[in-house]
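Report on one structure; see the data block that follows.
The model shown is predicted, which means the values in this text are computed figures rather than measured ones. Naming: A, B, ... by sequence-line order, numbering from 1 per chain.
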Amino acid sequence: MMLVPCLSRSVCQVPVAEGKSVQQTVDILHKKLEQLGAVKQGSFCVDCETYHATGNVSGNPTKLLYVMHNSETPLSCLALFEGGPCLIADANFDVLMVKLKSHFQNAKGHKVECRGSRYRYCDFLIKVGTVTMSSSARGISVEVCCIRVRVETLDFPAVTALTLGVFPQVEYCPCVVPGDCWNLVKEFMQSFLGSSVPELPSVFAAKPEGLFAPADSVDTMTQYLELFNKLRKQQIPGSNVR
Amino acid sequence: IQPCCCGSNDSIKKKRLCAGEKMEAPPVTVMPVTGGTINMMEYLLQGSVLDQSLESLLHRLRGLCDNMEPESFIDHELVYLLKGQQGNPFILRARRSLSHPTSPWHLRYLGQPEVGDKSRHALVRNCVDVAASHSLPEFLNEMGFRMDHEFVANGHIFRKGAMKIVVSKLSRILVPGNTDNTERLSLSYLVELSVLAPAGQDTVSEDMRSFAEQLKPLVHLEKIDPSKQRH
């Protein structure tokens with residue numbers, strides 16, 4: 001039996017509720033999801049480290065290299081230059097970056113982490129995370145992933161537990177145009193986020209019409225990176241990252 | 001508990017797996033593995049054989065090694081340099097399979113050979129291996145690396161326990177990026193005996209030396225210091 005999942009993910013920032021702390025707002029979101037009928041399923045973590053190239057000729061802006069990890073894919077990491085090429089590599093890439101420390105310096109104070117709980121509601125996977133930088137909470141992220149599973153050949157009794165995410169043994173086959181899937185995701189997000197629902201993420205707007213490209217994890221991580229950079233700039237106006 | 005067809009002794013898991021039900025992914029409750037902190041070392045001995053002696057060597061290796069038929073390979077390797085403000089350039093080797101073009105790229109960093117115990121039989125150096133996606137060459141360029149040279153290697157791989165024996169013919173690429181048009185670099189095959197092991201395992205080089213003895217006089221595998229040949 002071959003399961004063919006289709007994934008469309010959206011990551012957005014949720015503003016902190018009036019008069020409440022970050023943790024209190026997160027608790028409110030958890031309650032809303034539980035009231036809807038979502039079931040908590042463990043936790044997740046997405047983190048991002050920043051490296052800057054040393055030894056640049058003056059006049060050229062320092063290149064920033066981001067190395068991100070996602071607990072959904074613990075053996076991989078994603079390295080990217082903002083607006084530039086990206087690389088999916090195994091976890092040893094971090095060891096390589098240590099060897100490259102004289103060429104690429106790790107801006108340790110700029111490490112951003114997003115941690116929180118995972119909730120499952122029918123075909124949706126919702127991850128509500130607290131984004132922290134240098135141990136101070138900067139904001140709240142919500143990632144909503146819509147999974148539609150189409151069973152290719154039914155040789156066994158119906159699957160009662162759906163597989164989540166993209167697994168090596170499952171063939172990834174997109175079956176929905178992102179534009180159409182977005183409306184479904186947006187409507188679902190409205191049910192518990194109210195008015196704080198974002199517009200179509202820029203990674204999808206930039207894609208041509210047609211089948212969702214298989215570089216799904218890159219699109220998700222790019223959304224996280226945009227969110228992290230926005231939060232970085234927001235609360236430290238005098239930042240010297242760049 | 002009776003062992004079942006899938007070999008699992010856990011009774012609940014056994015029932016679910018036998019019923020064909022896919023296990024739901026366990027919730028992730030621990031930090032992701034962020035790279036090994038173990039320093040892996042490559043132990044290496046090298047030698048060569050003339051083309052006309054290749055078959056005898058392959059025959060001997062078939063007899064001594066684990067696999068019945070050797071694996072053959074055709075790889076394209078690109079060597080990248082990153083020139084820093086001081087010191088020697090940082091070298092990375094990117095390798096892809098021409099016989100399995102959809103396989104990930106293999107990126108390798110090799111450190112300076114460990115200086116120390118002269119009686120140690122093999123060359124020992126720090127080694128970091130990273131599997132990477134096909135955007136690797138473009139990504140390395142963005143990091144500031146520039147390709148220094150490239151070549152095609154084709155040959156056979158044998159294994160004996162943790163030891164890997166690679167017999168390869170190296171070819172020069174005449175037009176950059178064109179792996180169809182190559183020219184053999186020499187009239188011989190490069191023979192490399194290597195082991196990847198965590199730092200501090202000194203019995204490794206002894207085992208390698210004993211194995212190398214069994215290949216004499218067909219091929220003499222020695223410790224060759226690459227820094228003596230650096231450009």
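Applying the salt bridge (charged side-chain N to carboxylate O under 4.0 Å, His left out) criterion to E206(B), with sequence neighbours excluded, gives R209(B). Remark: R93(B) engages E77(B) in a salt bridge (charged side-chain N to carboxylate O under 4.0 Å, His left out) (not counting sequence neighbours). Shown here are the ring pair (Phe, Tyr, Trp, His ring centres under 6.0 Å) partners of F211(B), two or more places apart in sequence or in another chain: there are none.
For the pair M40(B)/N92(A), no side-chain contact is recorded, criterion being any heavy-atom separation below 4.5 Å from C-beta on. At least one side-chain heavy atom of L82(B) sits less than 4.5 Å from a side-chain heavy atom of F104(A).
Across all their heavy atoms, D129(B) and D90(A) have their closest contact at O-OD1, 4.2 Å.
Counting heavy-atom pairs closer than 4.5 Å to chain A, the top-ranked of the candidates G111(B), A132(B), P104(B), G87(B) is A132(B). Ranked by non-hydrogen atom pairs under 4.5 Å with chain B, the options P85(A), S117(A), A89(A) are led by P85(A).
If you measure heavy-atom distances from L100(A) to chain B, the contacts under 4.5 Å come from both the backbone and the side chain. Contact of L65(A) with chain B is made through the side chain alone, with heavy-atom distances under 4.5 Å.
Rounding to the nearest 0.5 Å places NZ of K99(A) at 4.5 Å from CG of N39(B).
Residues of residues 134-145 of chain B that come within less than 4.5 angstrom of chain A, heavy atom to heavy atom, are S135(B), L136(B), E138(B), F139(B), E142(B), M143(B), F145(B) in numerical order.
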